[in-house]
Protein chains: 6
Amino acid sequence: MSTQVPTDDLESDPRVKAVFDDIRAFRGTDFINNMWLWLAFDPALLERTWPEVKEVVGKPSSIDPLTKEMIYIAVSVANNCTYCVHSHTAAARAKGMTQEQYGELLAIIGLAGKTNQLATALQVPVDDAFDASRRNR
Amino acid sequence: MSTQVPTDDLESDPRVKAVFDDIRAFRGTDFINNMWLWLAFDPALLERTWPEVKEVVGKPSSIDPLTKEMIYIAVSVANNCTYCVHSHTAAARAKGMTQEQYGELLAIIGLAGKTNQLATALQVPVDDAFDASRRNR
Amino acid sequence: MSTQVPTDDLESDPRVKAVFDDIRAFRGTDFINNMWLWLAFDPALLERTWPEVKEVVGKPSSIDPLTKEMIYIAVSVANNCTYCVHSHTAAARAKGMTQEQYGELLAIIGLAGKTNQLATALQVPVDDAFDASRRNR
Amino acid sequence: MSTQVPTDDLESDPRVKAVFDDIRAFRGTDFINNMWLWLAFDPALLERTWPEVKEVVGKPSSIDPLTKEMIYIAVSVANNCTYCVHSHTAAARAKGMTQEQYGELLAIIGLAGKTNQLATALQVPVDDAFDASRRNR
Amino acid sequence: MSTQVPTDDLESDPRVKAVFDDIRAFRGTDFINNMWLWLAFDPALLERTWPEVKEVVGKPSSIDPLTKEMIYIAVSVANNCTYCVHSHTAAARAKGMTQEQYGELLAIIGLAGKTNQLATALQVPVDDAFDASRRNR
Amino acid sequence: MSTQVPTDDLESDPRVKAVFDDIRAFRGTDFINNMWLWLAFDPALLERTWPEVKEVVGKPSSIDPLTKEMIYIAVSVANNCTYCVHSHTAAARAKGMTQEQYGELLAIIGLAGKTNQLATALQVPVDDAFDASRRNR
């Protein structure tokens, strides 16, 4: 059950078709996952979202592709996004994440969940040593 | 201002001293950051937390040290832990994170924040293609 | 699956019946949505919740009815409440939310999710210009 | 720095004065903590909030006063409310929370933070044994 | 204290200068708030963020400017972004938000926080009546 | 649907078998709930999680067993962990939580959700009276 249901003829809108064509070309597959089908009711929203995903996660950069997916999983877990946890875990596996790495990723996420709560409960003051202004200026 | 204030003689408790000694030895420095000073009022809690951090983040494993810190930052931002954002950003820099990588890390975290909310707002159903049970069994 | 299951004779409790009668009268329909059925096991909790909803969301005020629902959706998405996302999206549509407005609402929620995470990651200091004490006193 | 600043003559509004008088009488002290000063700009909001706090946390009930404060701390930590973490930790101490209990409270909150993230990351399916509908109907 | 400190000569980078010039021109003021100063260390991130804010929040659309700010506040509160709560509350006031509207906005946000938690605690099943697929297809 | 599926022969790994045996012995039942089946793919993660749960929640201490479960529910609701809400609500009932106590627990969690958001929206400054450093040093 979702709050919006895509129509059957989404690509009759040329703006939607252009984005979907770009997704298919960039990924080299005909498969369009639900996220894009669900966003397509608002072409402007679709046009503002896909290129950012392509740019930030899809293009070669100073962070390797698998690490990007693991970071994405980490945020999605903490933000509790069921869809995103599933889609990015699948993507991380497609990019080579081993079971060993997956177990370690979970260990870090779980530990961060624990220490985040402890630091917040105690309202631990930030050490001066971590102050960026000491370093940069 | 915090909800608990460490006493001046924390290490008079031998259990606390043992953990602090291990922190100093493992890191090769006399500096003990506030997190551990604040947890020390409960030696059992300290003993259950530090070894887990050492094991999960400190030991060589299938995920490299810098990536671990970036994942830790990602969770801490999403969970909104001020202390942890500061301490792990400092740690990531100490482990070689460049400004370029930091900018890309932020771009991923920000984008995930955006798509997480969109998928939740639309309650996008998870694609069958992402179903792990299709793969493993 | 839920953690509590309403009994079949909820309205045999006169306190529950009084609240349900008020819901039906106020909304002009016999339909009682699940939220109220599930809260009814504790009449005091039901009595503290429905009148607040009626007062805050149901009564004419300085914020128009549709805007109230859009704000409610925004909080529910950020808090990740599946039930509330569904019920308030349905309510917003019943109050006239167009597809164009829904797309823009999502765009704002998504963008806020992104900039919220960026500001938290960077721990951006609040500008003096935003300090309310400069204005009020 | 806050987003609103209380005026100096809050109690010139009789609705505000009535609530403040009730707070002082109920607690047996002249001290009004900032939460109420900050809410007072909107008397209706103040009137809807204080009686609920008095009723839910202040009155004798089936959950003892200290436990109530510990539950309040737990939610406030997970929701990351700095003000509430401080005020309810102070309240718990005033109601007799020992350092041993505080340490254990933190251990539970931290552990829950960890297992919450793990269960979400794995999207662990709920066991049938936990299904309330098996029990109640 | 923040995790990054802007250099003094941010606008020596022509990409940063171009964005800052656009902010000043669009808003008709020389004031650049900290968010943009802090993002400027990564020109690509700055270029991907400001135009989206301008487009989504700054341009006339089917949701009026004040409502957009109130929705932004709502998300920022639920996501607990101190900077964003401050900046968007200031922006809402600049766009005419009255104290009465502010009080009502807080009432809705607070009530949503309450009912969100109740629905999650009870895992209330979504009513069939809220199912969008019944409507759209 | 989950992101990982346990194999059928989990206990062929002696480390997994040892943990499962300890769970069965400690709880006096053959039932192993899904959380442990799902974690078992990574024996180290399993070994770091179960003993902490046994120690923090299972052993007699200064906080009684039912209170521990109610605190666990509170955190799990605020963190929005569906699995944990279910499992710990079931555990609280098994430890004697009455419907009256459950109703009051929900009332506290809901109220905290409300006041947490209000204090965050207003950025209420923490009262000096709550400053722990005044007390401890």
Side-chain angles (χ1 to χ4, degrees), chain C residues 1-4 31 33-35 38-39 45 49 52-53 56-57 61-63 67-68 70-72 74-84 86-87 89-90 93 98 100-101 104-105 107-109 111-127 129-132 135, chain E residues 1-4 31 33-35 38-39 45 49 52-53 56-57 61-63 67-68 70-72 74-84 86-87 89-90 93 98 100-101 104-105 107-109 111-127 129-132 135:
Chain C
M1 202 188 292
S2 63
T3 66
Q4 171 79 359
F31 176 63
N33 57 305
N34 284 345
M35 183 71 183
W38 258 253
L39 282 176
L45 185 57
T49 308
E52 190 175 352
V53 169
V56 172
V57 186
S61 75
S62 68
I63 298 179
T67 297
K68 287 180 185 175
M70 292 197 296
I71 293 166
Y72 221 113
V75 177
S76 302
V77 168
N79 281 338
N80 229 308
C81 176
T82 295
Y83 184 84
C84 315
H86 276 290
S87 62
T89 303
R93 284 187 169 128
T98 64
E100 188 183 356
Q101 288 172 318
E104 292 192 350
L105 172 63
I108 299 167
I109 293 174
L111 176 60
K114 176 178 166 178
T115 59
N116 285 181
Q117 306 254 41
L118 291 174
T120 296
L122 288 161
Q123 296 281 312
V124 181
V126 181
D127 303 74
F130 300 151
D131 186 356
R135 194 180 47 88
Chain E
M1 201 189 292
S2 63
T3 66
Q4 173 78 359
F31 176 62
N33 57 305
N34 285 345
M35 183 72 184
W38 258 254
L39 281 176
L45 184 57
T49 308
E52 190 175 351
V53 170
V56 173
V57 186
S61 75
S62 69
I63 299 179
T67 296
K68 286 180 185 175
M70 293 197 295
I71 293 166
Y72 221 115
V75 177
S76 302
V77 168
N79 280 339
N80 230 307
C81 176
T82 295
Y83 184 84
C84 316
H86 277 289
S87 62
T89 302
R93 283 187 169 127
T98 64
E100 188 183 357
Q101 288 171 319
E104 293 193 349
L105 172 62
I108 299 167
I109 293 173
L111 176 60
K114 175 178 168 178
T115 59
N116 285 180
Q117 306 254 40
L118 291 175
T120 297
L122 288 161
Q123 296 281 312
V124 181
V126 180
D127 302 73
F130 300 151
D131 186 357
R135 194 179 47 87

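None of these values were measured; they are calculated from a predicted model. No hydrogens, no waters, no symmetry mates; every other heavy atom, side chains included, goes into these values.
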Residue selection (most heavy-atom pairs with chain E, distance under 4.5 Å) from C:L39, C:N80, C:T98, C:V57
C:L39

Side-chain heavy-atom pair E:C81, C:T120 within 4.5 angstrom cut-off
yes

Does E:A121 offer a backbone N or O that forms a donor-acceptor pair with the side chain of C:T3 under 3.5 Å?
yes

Hey, which of C:M1, C:H86, C:E104 has the most heavy atom pairs under 4.5 Å with chain E?
C:E104

E:V77 versus chain C, the contacting section by heavy-atom distance below 4.5 Å:
neither

Using a 4.5 angstrom heavy-atom cutoff, name the option from E:N116, E:V126, E:L45 with the most pairs to chain C.
E:N116

To the nearest 0.5 angstrom, please state how far the CG atom of E:N34 sits from the CZ atom of C:F130.
7.5 Å

Using a cut-off of under 4.5 Å for heavy-atom pairs, which of C:I108, C:V56, C:V75, C:L122 has the most such pairs with chain E?
C:L122

To the nearest 0.5 Å, what is the distance between CD (E:E52) and OG1 (C:T115)?
8.5 Å

Most heavy-atom pairs under 4.5 angstrom with chain C, which of E:M35, E:K68, E:M70, E:Q117?
E:M35

From E:Y72 OH over to C:L111 CG, what is the distance, rounded to the nearest 0.5 angstrom?
3.5 Å

Indicate the atoms forming the closest heavy-atom contact of E:Y83 with C:P125, along with that distance.
CE1-O, 3.3 Å

Once you round to the nearest 0.5 Å, how far does CD of C:E100 lie from CD1 of E:I63?
9.0 Å

Gap between atom CG of C:L105 and atom OG1 of E:T67 - 0.5 Å precision:
10.5 Å

Tell me, for E:A90 versus chain C, whether the close heavy atoms (under 4.5 Å) come from the side chain, the backbone, both or neither.
side chain

May I ask you to decide if E:S62's main-chain N or O and C:Q101's side chain share a donor-acceptor pair within less than 3.5 Å?
yes

State whether the side chain of C:D127 and the backbone N or O of E:N33 hold a donor-acceptor pair below 3.5 Å, judged by distance alone.
no

